[in-house]
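A short worksheet on the structure shown next.
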Amino acid sequence: SDLILMVSSDILQSILCSYHDTTSPSHFSAVVDALARRYRPLLSALRSPTPFVVENAALLLHLLSTHSPDTATKIREEALSSAIVLKHFHAAIFSALEGQRFLSRFLCSLW
């Protein structure tokens, strides 16, 4: 459900992004490695109608692209083949909401 997805993405985002200073380096790398092995749910989260989930997924994907370059290549290929890039490219240009345009532009810059 969207609520479970929202809570789990917020927990991961908090551990790895917002409060990464308080996360021990060994735990940080272990969670990043586990997330890198299972990146597909993050890509499917980009299709969520909940902006909070999409924002958290974008932050986590950015983290993976900086800390796991091999996974970043796989994510890029998967995003292109599943038309997620096309969806967010369209939203980056034509969305009526400024926040959605900003987020979609950020995602397009990752790929």
Side-chain angles (χ1 to χ4, degrees):
S1 82
D2 284 340
L3 183 59
I4 293 172
L5 188 59
M6 188 171 69
V7 170
S8 59
S9 69
D10 192 41
I11 290 171
L12 283 173
Q13 187 276 130
S14 296
I15 292 170
L16 297 174
C17 300
S18 297
Y19 301 107
H20 73 276
D21 294 338
T22 60
T23 305
S24 71
S26 60
H27 286 111
F28 181 85
S29 62
V31 174
V32 168
D33 291 342
L35 194 60
R37 287 191 303 272
R38 296 176 190 91
Y39 64 88
R40 284 192 175 93
L42 282 177
L43 288 174
S44 64
L46 294 177
R47 297 183 185 275
S48 173
T50 310
F52 186 75
V53 171
V54 176
E55 183 177 339
N56 283 342
L59 290 172
L60 292 169
L61 287 170
H62 180 264
L63 179 93
L64 285 177
S65 70
T66 56
H67 291 284
S68 181
D70 296 334
T71 305
T73 305
K74 293 176 188 175
I75 290 171
R76 188 177 305 113
E77 291 172 3
E78 184 89 19
L80 284 168
S81 66
S82 63
I84 293 173
V85 173
L86 186 61
K87 175 186 182 253
H88 283 283
F89 183 74
H90 182 270
I93 297 171
F94 298 113
S95 178
L97 302 172
E98 183 179 349
Q100 177 64 47
R101 286 194 311 269
F102 177 81
L103 183 59
S104 291
R105 287 175 187 158
F106 175 74
L107 283 167
C108 288
S109 73
L110 286 178
W111 300 310

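Keep in mind the model is a prediction, meaning the values are calculated, not measured.
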Taking the side chain as C-beta and beyond, is there a heavy-atom pair between [X] and [Y] under 4.5 Å?
X      : Y      : answer
Phe106 : Leu61  : no
Leu107 : Leu110 : yes
Leu80  : Trp111 : no
Leu64  : Ile75  : yes
Thr23  : Leu16  : no
Leu35  : Leu42  : yes
Arg47  : His88  : no

Check [X] against [Y] and note the closest heavy-atom contact, atom names and distance.
X     : Y      : result
Ala91 : Arg101 : O-CG, 3.5 Å
Pro41 : Ser44  : O-OG, 2.8 Å
Pro51 : Leu103 : O-CD2, 4.5 Å
Leu46 : Ala58  : CD2-N, 4.3 Å
Ser18 : Gln13  : OG-OE1, 2.5 Å

(message) We want to know whether Ser81 and Glu77 form a side-chain donor-acceptor pair, criterion being a heavy-atom distance below 3.5 angstrom.
(response)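 Per modelled atom types, Ser81 and Glu77 side chains form no pair under 3.5 Å.
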
Calculate, to the nearest 0.5 Å, the distance between atoms [atom1] and [atom2] belonging to [X] and [Y] respectively.
X      : Y      : atom1 : atom2 : answer
Ile15  : Phe28  : CD1   : CZ    : 10.5 Å
Ile93  : Ser104 : CD1   : OG    : 10.0 Å
Asp10  : Glu55  : CG    : CD    : 10.0 Å
Asp33  : Arg38  : CG    : CZ    : 11.0 Å
Cys108 : Lys87  : SG    : NZ    : 11.0 Å
Asn56  : Ser14  : CG    : OG    : 7.5 Å

ILVMFWY network linking [X] to [Y], side-chain heavy atoms under 4.5 angstrom:
X     : Y      : value
Val54 : Phe102 : no
Leu43 : Leu86  : no
Phe94 : Phe89  : yes
Ile11 : Leu59  : no

(message) Can you confirm whether more than 12 heavy atoms, excluding those of His20, are under 6.0 Å from its NE2 atom?
(response)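 Open: at most 12 neighbouring heavy atoms sit under 6.0 Å from NE2 of His20.
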
(message) Quick check against the 3.5 Å criterion: does Ser9 have a side-chain atom that pairs as donor or acceptor with the backbone of Met6?
(response)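 Pair found, side chain donor or acceptor close to backbone of Met6.
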
(request) Kindly say whether Phe52 contributes a backbone atom to a donor-acceptor pair with the side chain of Thr50 at under 3.5 angstrom? (result)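 Looks like no, no N/O pair under 3.5 Å.
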
